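First the structure, in the form of structure tokens, and then the observations on it.
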Amino acid sequence: MHYVNNIKILYLLLIVYFVLEFLDLKVYFFPSANKDAVKCIRSTAGFFRASIFRFFMAFMMFGALLFLVGHPGPAAVLTILIGVLLVFGSGLKRNVLGEPLMFSDVAVIGAFVRHPRFYIGAIPPFARVLVLAGLALLGLSFVGMLLNDLFYSWSGHGLVLRIEGLGLFATGYVCLNGLRRTGLARKILPVADLDAGEIRYGLLATIVLSWLRWKDDCRRKLQNWSQVHAGRLDQGPVIIVIQSESFADSRELGLETKSACSLPYLLQAEREGAVGKLQVSGFGAYTMRTEYGVLFGHEENELGFRRFDPYLTAGKQTEDALAARLAPICEERIFLHPHDLRFYGRDALMPSVGFNRLIGTEDFADAAHCGVHVSDHALGDRILALIDDAVARPSGTFIFTVTIENHGPWSGGAADYLHHLRNGDELLGRVADALEQTGRDALLVFYGDHRPSLPGAVMPGGARHTPVIIKGFGAFHAIPRLNGEAMTPAGLHHRMISLIVRQMK
């Protein structure tokens, strides 16, 4: 009997593998990535060279589900269903955000459970029904088999099957890591280009390859940055950085004709030469990429495969963060975000990188909302109060703010987005006016984290830059103008440091 079951498990494992191979062949022959690149880089030999990674991926997926449910047949069906959902979900994600599914998206699962509206609302209605139905089927099947196992499978034959499933998972994991150590994954996928990987090897193989490459890059130490030295200061500066959710120039989005009014404070900053172009990599999402670049100053090409979610490993070099570097001149270093600080693990990360005060959603329990989120006006009230506190002290203050009002989904489409965009522009004007009136040496940096994804109005493809505004007050008033200069988020980090260091001399 045991021999027969082993044959059955081997047979089902091969079926799972060939289905995963077929799913990647579908992606290979009908890629959703940049079609112009297909003829240049696709390779039949390369696709089949990546088959060994899909093979051991099948070991891990099938083995894990066999361990959990204790039934070979259902475990195989669930594995295939997960593979289908991954391919289907990747196509949806590319249509909305311009990127395929990737290994680091696993980190979003916790946020999806806590705040499903953030993600479900961005999916088209018909596809939303399919995704929810697939997830429901997967979940109900899984729960049903677990309940069945409570009565039948945790002893004897069922326990043996689970041990074999665990063995398959461990075999797949060990073999994949062995292939990583040989350098084969690095040779097959040398650079962090998921579009090229998907076209060459298919989605599932690229997910595994990029995960292995990420493990390699996590071992590399990045360049260290030094602290800013205070020198002799009678008063420390007030430094305000505002990362505005989905803030973009409506003229560049092609939405100016849909708007009854412009963005007066952005236009005023443009006339003053204070506006540049922030070259962000994400579209419609991935706030943490921009945020990491500004806070830590490491370019994405330096990060390698860590670039897709740099906050997963940001705690490795906490001394590089802007708050840590400014500690000698800014006694109070505040991270302000009127939403759940557990997103991207900010609740644990920010204290470790130099912020000594966190202000999150619990501090905005009674704040006014605009749409479903805390309004930029209420957030502005809190920033102005913090500025008043800062100017009352001789020591410096650093405030890093992440807004939330203009986070999708936008039920009213482009008109809804533009309404919140104007509120973001008003926040820029209010903070700039407040700093001007203090008479204190101050620096204001205001930028958009990414452009919005608005189906039918603003879609993936083309330019991704957002406005960045740098305004100086007091002794910072004479800082060099941007005049449309382009820079990366990491470049903005170093621009701020250079402006502050020059002023400290």
Side-chain angles (χ1 to χ4, degrees), residues 217-243 276 278-279 288-304 306-307 310-336 344-346 348-358 390 393-402 440-445 447 468 470-476 478-480 482 485 487-505:
D217 287 338
C218 285
R219 299 171 181 270
R220 276 193 302 110
K221 185 172 176 59
L222 303 172
Q223 184 176 354
N224 285 117
W225 316 126
S226 59
Q227 283 189 323
V228 174
H229 297 293
R232 294 182 179 180
L233 294 174
D234 295 327
Q235 287 185 327
V238 177
I239 302 167
I240 311 289
V241 179
I242 300 176
Q243 179 174 279
L278 193 65
Q279 304 290 353
M288 75 293 201
R289 296 179 189 170
T290 306
E291 188 175 307
Y292 176 89
V294 175
L295 279 178
F296 287 83
H298 295 293
E299 297 287 358
E300 291 191 356
N301 57 3
E302 180 188 0
L303 293 173
R306 294 162 63 175
R307 65 184 295 179
Y311 270 8
L312 292 177
T313 54
K316 288 179 175 287
Q317 292 184 222
T318 57
E319 67 279 4
D320 294 340
L322 201 54
R325 299 186 71 186
L326 294 176
I329 62 170
C330 293
E331 183 176 315
E332 186 152 36
R333 302 172 301 281
I334 303 168
F335 185 86
L336 171 60
Y344 310 128
R346 291 182 178 116
L349 177 64
M350 295 309 164
S352 72
V353 301
F355 289 101
N356 52 18
R357 183 179 175 190
L358 270 61
R393 297 188 303 269
S395 58
T397 299
F398 171 49
I399 304 171
F400 190 95
T401 302
V402 179
R440 187 77 170 261
D441 295 345
L443 185 67
L444 170 62
V445 177
Y447 62 90
V468 55
I470 303 180
K471 302 189 73 170
F473 307 89
F476 284 96
I479 61 175
L482 292 177
E485 178 183 342
M487 67 184 74
T488 63
L492 177 57
H493 171 106
H494 296 291
R495 171 67 69 98
M496 285 189 284
I497 291 294
S498 66
L499 292 174
I500 294 166
V501 168
R502 188 176 70 170
Q503 188 55 41
M504 296 299 101
K505 292 180 179 179

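Note that the structure is predicted; figures quoted are calculated from it, not measured. Side chains included, hydrogens not; waters and symmetry mates left out as well; all remaining heavy atoms used.
Note: F296 and Y292 have parallel aromatic rings, judged against thresholds of 30 and 60 degrees for the angle between ring planes.
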(Q) Before you tell me yes or no, could you show the steps for W225 and H494 under side-chain contact (heavy atoms from CB on, under 4.5 Å), namely the whole-Å CA-CA distance, both residues' side-chain angles and the distance that decides it to 0.1 Å? (A) CA-CA 10 Å; W225 316 126; H494 296 291; 3.6 Å; yes
Q | Residue pair K471, L443: steps toward the side-chain contact (heavy atoms from CB on, under 4.5 Å) verdict | A | CA-CA 6 Å; K471 302 189 73 170; L443 185 67; over 6 Å; no
Q) Stepwise, does the side chain to side chain donor-acceptor pair (under 3.5 Å) test hold for E291 with Q243? A) CA-CA 8 Å; E291 188 175 307; Q243 179 174 279; 3.1 Å; yes
Q: Test side-chain contact (heavy atoms from CB on, under 4.5 Å) on V241 and Y447 and set out the steps.
A: CA-CA 8 Å; V241 179; Y447 62 90; 3.7 Å; yes
Q) Step by step, would you call E485 with V468 a side-chain contact (heavy atoms from CB on, under 4.5 Å)? A) CA-CA 9 Å; E485 178 183 342; V468 55; over 6 Å; no
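Evaluated for a side-chain hydrogen bond (donor to acceptor under 3.5 Å, both in side chains) with T488, the options Q279, E299, H493 yield exactly one hit, E299. Test D320, L322, T318 against V353 for side-chain contact (heavy atoms from CB on, under 4.5 Å) and you get one pass: T318. The only member of I240, I479, L444 that meets side-chain contact (heavy atoms from CB on, under 4.5 Å) when paired with F473 is L444.
Residues L492 and I470 form a side-chain contact, since some pair of their non-hydrogen atoms from C-beta on lies under 4.5 Å apart. A heavy-atom distance below 4.5 Å is not found between the side chains of L358 and R346. The side-chain heavy atoms of E332 and S395, taken from C-beta on, include no pair separated by under 4.5 Å.
If you take CZ on F335 and CG on L349, they are separated by 8.5 Å, rounding to the nearest 0.5 Å. Distance check: I329 CD1 to H229 NE2 gives 11.0 Å after rounding to the nearest 0.5 Å. We find the CG-CZ distance between N301 and R307 to be 7.5 Å, quoted to the nearest 0.5 Å. Taken from OG1 in T397 to CD1 in I239, the straight-line distance is 9.0 Å, to the nearest 0.5 Å. For the atom pair CG (L482) and CZ (R495), the distance works out to 5.5 Å, reported to the nearest 0.5 Å. Taking CG of L295 as the start and CE of M288 as the end, the distance is 13.5 Å to the nearest 0.5 Å.
Taking each heavy atom of F476 and A442 in turn, the nearest pair found is CB-O, 3.4 Å. Annotation for R220 and L303: closest pair NH2-O, 3.5 Å, computed over non-hydrogen atoms. When all heavy atoms are compared, the tightest approach of T313 to R306 is OG1-NE, 3.1 Å. The two residues P237 and C330 come nearest to each other via the heavy atoms O-SG, 4.3 Å. A pairwise comparison of heavy atoms in A323 and G354 identifies CB-C, 3.7 Å as the closest pair. The minimum heavy-atom distance linking T290 with P489 is given by the pair O-CB, 3.6 Å.
We find that R393 and E331 are not joined by a salt bridge, their nearest charged nitrogen and carboxylate oxygen being 4.0 Å or further apart.
At distances below 3.5 Å, at least one donor-acceptor pair connects side-chain atoms of R440 with backbone N or O atoms of G236. A donor-acceptor pair is defined here as one N or O able to donate and one able to accept, closer than 3.5 Å; such a pair exists between the side chain of D441 and the backbone of A475. Here the side chain of R333 pairs no donor or acceptor atom with the backbone of N356 at under 3.5 angstrom.
Using modelled atom types, one finds a donor on one side chain and an acceptor on the other under 3.5 Å when comparing E319 with N224.
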